[in-house]
Amino acid sequence: RLAEACGGDRVFAVERAIARAYLNRLHRVRFEGFEEPAIREVLAGGPLLVVANHTCGLDPMLLQMPIPRRIRWMMWTGQMGIGLGWFWRHLAVLPVAQDGRDLTSVRTALRALRDGEAIGIFPEGGIERPPGVLKPFEPGLGVLATRSQAPVLLCLIEGTPAPWVFGSLVVPSRSVVRAIGVFRASPEDSAEAFRGRLAEALRTSSGWPVADATDLAGAAPR
């Protein structure tokens, strides 16, 4: 039954069940808005971009839970850590060069979307520091959305033990993942305009301010 709910992928179904038990026990996670008809439609199949703010290392697991098919995450190479290559390969993560010059991951993501896969992006490019302050969106999201014409499921994550990368996995929380809505780029939309539309929707839904360059320069990684 678990596999049937996950498109027949038995390994993914077991992993998801274990992760759900862990999240329910330690993080008391709550999901909101995912039962809306428009959202259920895009979750059922077809190309999909899953987009959310980035609060901590727990976020990919939190976002995967209400989505019954595997999400392939795009991830900065500098955040992948040493010795974890086997894990990222298992998850079919798409590494993104931080200098923005290597477009291999973008081309791979576009092919995956054409094949009907779900691609996950944290467009802020890193974890929010301080918590409750959004970072400006990186340009790659607008490029992927407008070129692929894939629907975008925009989500808000809050209540996590931010802003730790791995420490968040062991610190209890009452995390909430809320589906804001489904957004679709029109053929007339520019990448920049559509990215701005998504960023504004996230800012409005969260009620959080957006960091300026001074804030970002002073944010020390952990």
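Positions are given from 1, in the same order as the sequence printed here. Predicted, not measured: the structure shown is a model, and the values here were computed from it.
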>> I'd like to know whether L23 forms a side chain to side chain contact (heavy atoms under 4.5 Å, CB included) with L58, so could you lay out the CA-CA distance, the side-chain angles of the two residues, the decisive distance to 0.1 Å, and finally the verdict.
In response: CA-CA 9 Å; L23 289 173; L58 190 66; 3.8 Å; yes

>> With side chain to side chain contact (heavy atoms under 4.5 Å, CB included) as the criterion, how do E158 and R178 come out once you've worked through the C-alpha distance, each side chain's angles and the decisive distance to 0.1 Å?
In response: CA-CA 8 Å; E158 50 192 342; R178 178 154 52 91; 4.1 Å; yes

>> Please determine whether side chain to side chain contact (heavy atoms under 4.5 Å, CB included) holds for the pair T160 and S168, giving the CA-CA distance in whole Å, both sets of side-chain angles, and the decisive distance to 0.1 Å.
In response: CA-CA 8 Å; T160 57; S168 62; over 6 Å; no

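Here the CG-CD1 distance, from L48 to I71, works out to 7.5 Å after rounding to the nearest 0.5 Å. Interatomic distance, D189 CG to F183 CZ, rounded to the nearest 0.5 Å: 12.0 Å. Separation of atoms OG (S105) and CG (L144) is listed at 8.0 Å; rounding is to 0.5 Å. Going from atom CG of N53 over to atom CZ of R203 covers 14.0 Å, rounded to the nearest 0.5 Å.
The salt bridge (charged side-chain N to carboxylate O under 4.0 Å, His left out) test applied to R72 returns E117, not counting sequence neighbours.
Using the six-membered ring where Trp is involved, H27 and Y22 have ring planes that are perpendicular, over 60° apart on the 30 and 60° scheme.
Pairing each heavy atom of P172 with each of P161, the nearest pair is O-CB, 4.4 Å. When all heavy atoms are compared, the tightest approach of C155 to I180 is C-CD1, 4.0 Å. A pairwise comparison of heavy atoms in I127 and C56 identifies CD1-CA, 3.8 Å as the closest pair. Heavy-atom minimum distance, V182 versus A38: CG2-O, 3.9 Å.
Side-chain contact check for R184 versus Q149: every heavy-atom pair is 4.5 Å or farther apart. Contact of the P131 side chain with the T55 side chain is not registered, since no non-hydrogen atoms from C-beta on lie closer than 4.5 Å. A 4.5 Å side-chain heavy-atom check between L198 and L202 finds every atom pair outside the cut-off. For the pair L153/F34, a side-chain contact is recorded, criterion being any heavy-atom separation below 4.5 Å from C-beta on. Taking 4.5 Å as the limit, every side-chain heavy atom of S186 sits out of range of all side-chain heavy atoms of F194. Inter-residue side-chain proximity for E128 and V133 is flagged as unmet; no heavy-atom pair is nearer than 4.5 Å.
The pair E200-R197 does not meet the salt-bridge criterion, since no charged nitrogen lies less than 4.0 angstrom from a carboxylate oxygen.
In E32, the CD atom is crowded: over 12 heavy atoms of neighbouring residues, nucleotides or ligands sit closer than 6.0 Å.
The list of salt bridge (Lys or Arg N to Asp or Glu O under 4.0 Å) pairs with a residue in residues 37-66, not counting sequence neighbours, reads E35-R40.
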